[in-house]
Amino acid sequence: MEKINFCLVGCGRIVKKHADALTISLQDKANLVAVCDIKYDRAEKIGKKYSVLYYASYDEMLTKHPETDVVSILTESGNHAANTIDIVRKYQKHVVVEKPMALNLSKADQMIRTCDENGVKLFVVKQNRYNLPVMKLREALELGRFGKLVMGTVRVRWCRPQEYYDQDDWRGTWAMDGGVFTNQASHHVDLLEWMLGEPVSVFAKSRTALVNIETEDTGGAVIQFKNGALGIIEATTATRPKDLEGSLSILGEKGTVEIGGFAVNQMKIWNFIDETEEDRLVVEKYAETPPNVYGFGHAKYLENVCDNLLNHTRALVDGLEGRKSLELINAIYESIETGKEVFLRFQPLKCKLGRHNGNGDIH
């Protein structure tokens, strides 16, 4: 393969990030072949904008485009698992799936198993790992510059008014979306876990403060990690009147780093006991100003997907890696419902995520 052929399933809010990456940033490695959405007008709008064919179903699209290598699943969170499993079984295509990969662990495991059985690869989008300051932080961590890790904190203070949730009837529901932990803070949970390692337990609280939805718009969690470090998650979409921050800080015995901005995009603090000449320039050098909370990482993430398929390089976030943050998010909800500290690994019993109206059988 000289280039990787992509088809996109779902033409909602995130589709532009994927389409721009494939048609602008990755022209030498990727082709955008076609798009589809069950709301045909959405597919038509995106298809015409990017001069590609558009369809009302992925079955029609993939039947007419057997040259497709990768299908990107950009549908509602609650449909990610079913779409992935169906497409892989019918068409044996590699899959890129937006976060969260699924809403419950059994569906995530089924996705991973189905891809393995059909000889295709599963990639879970975690584009914030490619933010410039995040990559620099990860480099310092791998070099051991922090020494013993003490604490990590993520803060998601964003604004999502009632109008946001009213755009689509699936938003803010247990069956199809989840709340701020699952949706808006999903990437930040992933970053905290990527930096601090394996979680041992979590205790969490939440509330629905300012909007009329099934799920939470505000919550906090305390995580105990295997290496002894503590993790703090502060997440809300009840910030008013606009987005305030999406931040990450790591504290160790030999250094402290804080990344701020509204999309984990601005290096704020870079302090190490053993200072190097480069350290003095890091705060100024490692900063970005993205147009929105999605940041610039999609192009770099999809480039990693192309390189993996073309050159057999390492995939940064495959299905197993993407499952890790989902397990922690499920544990957060389990803790919220039981009022107890939840220890990983666990079998979700009270977690409402992926259930109709928070009750009954898993959807």
Side-chain angles (χ1 to χ4, degrees), residues 1-12 14-37 43-75 80 83-99 101 111-112 114-132 135 290 294-322:
M1 293 182 291
E2 295 182 358
K3 289 187 179 183
I4 304 299
N5 294 320
F6 283 79
C7 279
L8 308 183
V9 177
C11 294
I14 199 64
V15 69
K16 186 176 184 298
K17 300 299 294 186
H18 285 259
D20 282 350
L22 296 172
T23 59
I24 300 172
S25 305
L26 300 175
Q27 292 183 60
D28 60 331
K29 296 184 179 182
N31 290 317
L32 177 58
V33 175
V35 301
C36 73
D37 197 298
E44 181 180 27
K45 180 180 177 180
I46 296 300
K48 288 182 176 179
K49 179 176 180 178
Y50 293 95
S51 300
V52 298
L53 294 170
Y54 47 90
Y55 302 90
S57 77
Y58 60 70
D59 282 315
E60 182 182 11
M61 178 175 69
L62 294 175
T63 298
K64 291 185 176 180
H65 296 283
E67 73 275 19
T68 302
D69 301 305
V70 178
V71 179
S72 295
I73 307 297
L74 316 180
T75 54
H80 288 172
N83 292 157
T84 297
I85 292 165
D86 189 44
I87 287 170
V88 169
R89 284 176 175 169
K90 288 179 179 176
Y91 304 102
Q92 291 79 50
K93 304 297 184 184
H94 303 297
V95 170
V96 168
V97 61
E98 266 290 345
K99 61 80 186 167
M101 63 184 292
M111 291 167 70
I112 295 168
T114 301
C115 288
D116 286 346
E117 289 172 351
N118 285 273
V120 299
K121 296 184 178 182
L122 176 62
F123 304 92
V124 182
V125 178
K126 301 291 183 183
Q127 81 274 4
N128 284 347
R129 290 194 184 194
Y130 284 98
N131 291 2
L132 282 177
M135 293 175 71
Y294 296 123
F296 293 120
H298 276 88
K300 294 174 184 175
Y301 180 85
L302 292 171
E303 183 177 19
N304 176 255
V305 171
C306 291
D307 287 342
N308 174 264
L309 296 175
L310 290 169
N311 305 313
H312 307 291
T313 58
R314 176 177 173 268
L316 183 63
V317 189
D318 59 12
L320 289 173
E321 186 70 12

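Counting begins at 1 with the first residue of the sequence.
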Practice task
Side-chain contact test, heavy atoms from C-beta onward, threshold under 4.5 Å: evaluate it for Met111 versus Val95 and give yes or no.
Solution key: no
Completion exercise
When rounded to the nearest 0.5 Å, the distance separating CG of Leu22 from NZ of Lys29 is 12.5 Å
Problem - Heavy-atom check, side chain of Leu62 versus side chain of Lys90, under 4.5 Å - result: no
Problem - Closest non-hydrogen atom pair between Glu67 and Lys64, with its separation - result: OE1-O, 4.4 Å
Practice task
Heavy atoms only: give me the nearest Met135-Tyr130 pair and the separation to one decimal.
Solution key: SD-O, 3.3 Å
Practice task
Could you tell me whether the side chain of Tyr58 reaches within less than 4.5 Å of the side chain of Val71, counting heavy atoms only?
Solution key: no
Exercise for the section: Take Thr63 and Tyr91, measure what side-chain contact (heavy atoms from CB on, under 4.5 Å) needs, and give me the verdict at the end. Expected result: CA-CA 8 Å; Thr63 298; Tyr91 304 102; 3.8 Å; yes
Handout entry: Note, Tyr54 side chain near Asp37 side chain (heavy atom, < 4.5 Å)
Key = no
Practice task
Report yes if some heavy atom in the side chain of Ile4 is under 4.5 Å from a heavy atom in the side chain of Phe6; otherwise report no.
Solution key: yes
Completion exercise
Of Thr68, Leu8, Val9, the one forming a side chain to side chain contact (heavy atoms under 4.5 Å, CB included) with Met61 is Val9
Practice task
Mind running side-chain hydrogen bond (donor to acceptor under 3.5 Å, both in side chains) on Asp20 and Tyr50 for me, showing each step along the way?
Solution key: CA-CA 9 Å; Asp20 282 350; Tyr50 293 95; 2.6 Å; yes
Exercise for the section: Examine distances only and state if a side-chain atom of His94 and a backbone atom of Lys121 form a donor-acceptor pair shorter than 3.5 Å. Expected result: yes
Exercise for the section: Please answer whether the main-chain N or O of Asn5 pairs with a side-chain N or O of Asp69 as donor and acceptor at a distance below 3.5 Å. Expected result: yes
Handout entry: Over all atoms of both residues, closest heavy-atom pair of Ala21 and Ala299
Key = CB-CA, 3.7 Å
Problem - side-chain contact (heavy atoms from CB on, under 4.5 Å) between Thr75 and His80, intermediate numbers included - result: CA-CA 6 Å; Thr75 54; His80 288 172; 3.5 Å; yes
Practice task
State, with a plain yes or no, whether a side-chain heavy atom of Ile87 is found less than 4.5 Å away from one of Ile73.
Solution key: yes
Completion exercise
In this structure, NZ of Lys49 is separated from CD of Glu44 (nearest 0.5 Å) by 14.5 Å
Please list, one pair per line, the donor and acceptor atoms closer than 3.5 Å that link side chains of residues 310-317 to other protein atoms, with sequence neighbours excluded.
{"from": "Thr313", "atom 1": "OG1", "to": "Asp307", "atom 2": "O", "distance (Å)": "3.3"}
{"from": "Thr313", "atom 1": "OG1", "to": "Asn308", "atom 2": "N", "distance (Å)": "3.2"}

Exercise for the section: Examine distances only and state if a side-chain atom of Lys93 and a backbone atom of Pro66 form a donor-acceptor pair shorter than 3.5 Å. Expected result: yes
Exercise for the section: Provide the closest heavy-atom pair for Thr84 versus Cys115 in the form atom of the first, atom of the second, distance. Expected result: CG2-SG, 4.5 Å
Practice task
Report yes if some heavy atom in the side chain of Leu132 is under 4.5 Å from a heavy atom in the side chain of Lys300; otherwise report no.
Solution key: yes
Problem - Taking every non-hydrogen atom, the tightest pair across Leu32 and Ala19 - result: CD2-CB, 4.1 Å
Practice task
Identify the heavy atoms of Asp318 and Val124 that sit nearest to each other, and give their distance.
Solution key: O-CG2, 3.8 Å
Practice task
Calculate, to the nearest 0.5 Å, the distance between atoms SG and CG belonging to Cys36 and Leu74 respectively.
Solution key: 9.0 Å
Practice task
Kindly indicate, with the supporting measurements, whether the criterion side-chain contact (heavy atoms from CB on, under 4.5 Å) is fulfilled by His298 and Ile14.
Solution key: CA-CA 10 Å; His298 276 88; Ile14 199 64; 3.8 Å; yes
Problem - Short N-O contact, Glu321 and Arg129, less than 4.0 angstrom - result: yes
Practice task
Flag the pair Leu302 / Val96 as yes when at least one side-chain heavy-atom distance between them is below 4.5 Å, and no otherwise.
Solution key: yes
